[in-house]
Asks: 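Shown below is the structure under consideration.
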Amino acid sequence: MLWWFQQGMSFFPAALVIWSAAAFVFSFITAVVLRHVDPLVPYISDTGTTPPERCVFGIMLTISAFLGIVTMYVRYKQVATLNQEEDRTIFILNRAGLVLGLISCLGLCVVANFQKTTLIQAHVTGAVLTFGMGIIYLLLHTIISYKMQPLQHGIGIFWIRCVLLIWCAGSIISMFISSVTLYTTISAIDMAMKLHWNPTEKGYTLHMVSTISEWSLAFSFLSFFLTYIRDFQKITLHIEVDLHNETLYDRLQGHTHFGEQSPLLAGSL
């Protein structure tokens with residue numbers, strides 16, 4: 001009997017969520033233990049600013065970006081395959097979702113490799129790409145879920161994705177408003193270098209609202225991919241290799257076969 005993460009291709013969304021969450025939590029624990037940040041809700045990026053956690057944070061988020069690319073591509077192929085009636089709206093939403101998802105993963109790579117204390121403009125751009133394009137991706141696939149039920153899945157999956165989308169949107173709005181207000185109070189350079197806060201400092205309340213919103217946004221965004229697990233359990237990989245040249249076996253046998261097919265993995269999508 002297979003475990004749930006061994007069924008189909010459910011490993012990919014599960015690995016994406018678990019690995020990304022581990023990157024945030026591990027860097028947070030390390031930064032707090034080494035007293036590089038305050039234990040009370042720092043920015044996620046602050047927990048990956050100072051060595052040694054900076055290196056681990058960057059490597060783990062880069063791997064998360066590649067897991068995200070694979071997960072989003074598999075989801076794209078699944079929707080394209082299930083859209084047998086060639087619904088034009090689903091086709092357009094699915095194609096746009098793939099493009100936006102890949103841009104979001106690119107933004108995650110930028111965040112992983114440009115800490116805000118070194119090049120804040122690149123770091124902020126990466127964050128905007130990650131969550132800005134990412135939330136549009138969630139919106140498109142929530143709409144796709146609505147249009148594909150009840151034939152492909154129940155209405156419950158749509159409502160779960162809708163709730164997560166609203167949670168994610170609320171978090172990003174809260175973070176945007178509090179961050180913009182905070183940056184009008186404290187200069188961007190000072191904010192980039194500031195890793196420790198005193199509750200009596202100017203802007204501390206806005207800082208707390210911004211950081212809590214960022215953590216909420218990150219985990220609501222990741223939670224959306226957990227809803228892919230059951231869908232991905234229905235997918236198995238199918239690969240065939242067509243050999244059009246002489247093989248080593250043929251040479252040893254003294255004859256040649258053309259057009260030989262060698263299935264590597266059996267299954268269906």
Side-chain angles (χ1 to χ4, degrees), residues 12-25 27 43-45 47-48 57-58 60-79 90 92-116 120-146 157-158 160-180 210-229 231-232:
F12 289 110
L16 170 62
V17 175
I18 294 173
W19 184 269
S20 301
F24 299 150
V25 174
S27 60
Y43 282 111
I44 294 176
S45 54
T47 65
F57 183 78
M60 292 188 73
L61 278 193
T62 301
I63 295 175
S64 293
F66 284 102
L67 286 173
I69 290 173
V70 174
T71 300
M72 292 175 180
Y73 180 73
V74 172
R75 175 61 179 171
Y76 163 77
K77 293 295 292 183
Q78 181 189 37
V79 173
I90 294 179
I92 294 174
L93 292 177
N94 193 34
R95 182 66 61 87
L98 177 63
V99 173
L100 293 174
L102 295 180
I103 294 175
S104 178
C105 292
L106 174 63
L108 187 59
C109 284
V110 174
V111 170
N113 293 281
F114 292 95
Q115 283 73 32
K116 71 176 189 176
I120 188 172
Q121 294 85 354
H123 181 83
V124 172
T125 300
V128 170
L129 290 177
T130 301
F131 293 118
M133 298 298 101
I135 195 171
I136 301 176
Y137 172 86
L138 302 191
L139 172 62
L140 296 182
H141 275 275
T142 301
I143 297 174
I144 290 174
S145 296
Y146 176 78
I157 292 294
F158 162 73
I160 291 173
R161 289 173 181 167
C162 190
V163 169
L164 291 172
L165 173 64
I166 295 173
W167 177 15
C168 192
S171 298
I172 201 170
I173 292 173
S174 174
M175 186 182 73
F176 176 78
I177 295 175
S178 58
S179 298
V180 169
S210 180
T211 55
I212 292 173
S213 298
E214 184 184 49
W215 282 90
S216 175
L217 172 62
F219 282 99
S220 61
F221 185 77
L222 288 176
S223 297
F224 190 91
F225 294 97
L226 291 176
T227 66
Y228 284 177
I229 291 178
D231 291 334
F232 277 39

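All residue numbers in this chain count up from 1 along the given sequence. A quick note: this is a predicted structure, and the numbers were derived from the prediction, not measured.
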Asks: Is any side-chain heavy atom of Ile44 closer than 4.5 Å to one of Phe57?
Replies: yes
Asks: How far apart are the closest heavy atoms of Thr227 and Asp231, and which atoms are they?
Replies: O-OD2, 4.0 Å
Asks: Would you say that Tyr43 contacts Trp215 through its side chain, given a criterion of any heavy-atom pair below 4.5 Å between the two side chains?
Replies: no
Asks: Step by step, work out the side chain to side chain contact (heavy atoms under 4.5 Å, CB included) result for Arg75 and Val79.
Replies: CA-CA 6 Å; Arg75 175 61 179 171; Val79 173; 3.7 Å; yes
Asks: Within the structure provided, determine whether Met60 and Phe24 are in side-chain contact (heavy-atom separation under 4.5 Å).
Replies: no
Asks: Got Leu102 and Leu106 here, is their nearest side-chain heavy-atom distance under 4.5 Å?
Replies: no
Asks: Run through Val124, Thr130, Thr125 and flag the one making a side chain to side chain contact (heavy atoms under 4.5 Å, CB included) with Val128.
Replies: Val124
Asks: How far apart are the closest heavy atoms of Leu98 and Tyr73, and which atoms are they?
Replies: CD1-CA, 4.0 Å
Asks: Does Phe219, at its CZ atom, have more than 12 non-hydrogen atoms belonging to other residues, nucleotides or ligands within less than 6.0 Å?
Replies: yes
Asks: Mind listing the closest non-hydrogen atom pair of Ala23 and Leu61 along with its distance?
Replies: CB-CD2, 4.2 Å
Asks: List the steps and the verdict of side chain to side chain contact (heavy atoms under 4.5 Å, CB included) for Tyr228 and His141.
Replies: CA-CA 11 Å; Tyr228 284 177; His141 275 275; 3.5 Å; yes
Asks: For a quick test of reading the model, state the closest non-hydrogen atom pair linking Ser223 to Leu164 and the distance between them.
Replies: O-CD1, 3.6 Å
Asks: Would you give the length of the straight line joining atom CZ of Phe225 to atom CE of Met72, rounded to the nearest 0.5 angstrom?
Replies: 3.5 Å
Asks: Go through the structure and list residues passing side chain to side chain contact (heavy atoms under 4.5 Å, CB included) with Phe12, not counting sequence neighbours.
Replies: Met9, Val70, Thr71
Asks: Can you pull the side chain to side chain donor-acceptor pair (under 3.5 Å) pairs that have at least one residue in residues 94-109, sequence neighbours excluded?
Replies: Tyr76-Arg95
Asks: With the side chain counted from C-beta on, respond yes when His123 and Val111 share a heavy-atom pair under 4.5 Å apart, and no when they do not.
Replies: yes
Asks: What's the spacing between Ile143 CD1 and Cys162 SG if we round to 0.5 Å?
Replies: 10.0 Å
Asks: Could you tell me which residues satisfy side chain to side chain contact (heavy atoms under 4.5 Å, CB included) with Ser20, sequence neighbours excluded, listed by chain and number?
Replies: Leu16, Ser64, Leu222
Asks: Mind listing the closest non-hydrogen atom pair of Gly68 and Cys105 along with its distance?
Replies: C-SG, 3.7 Å
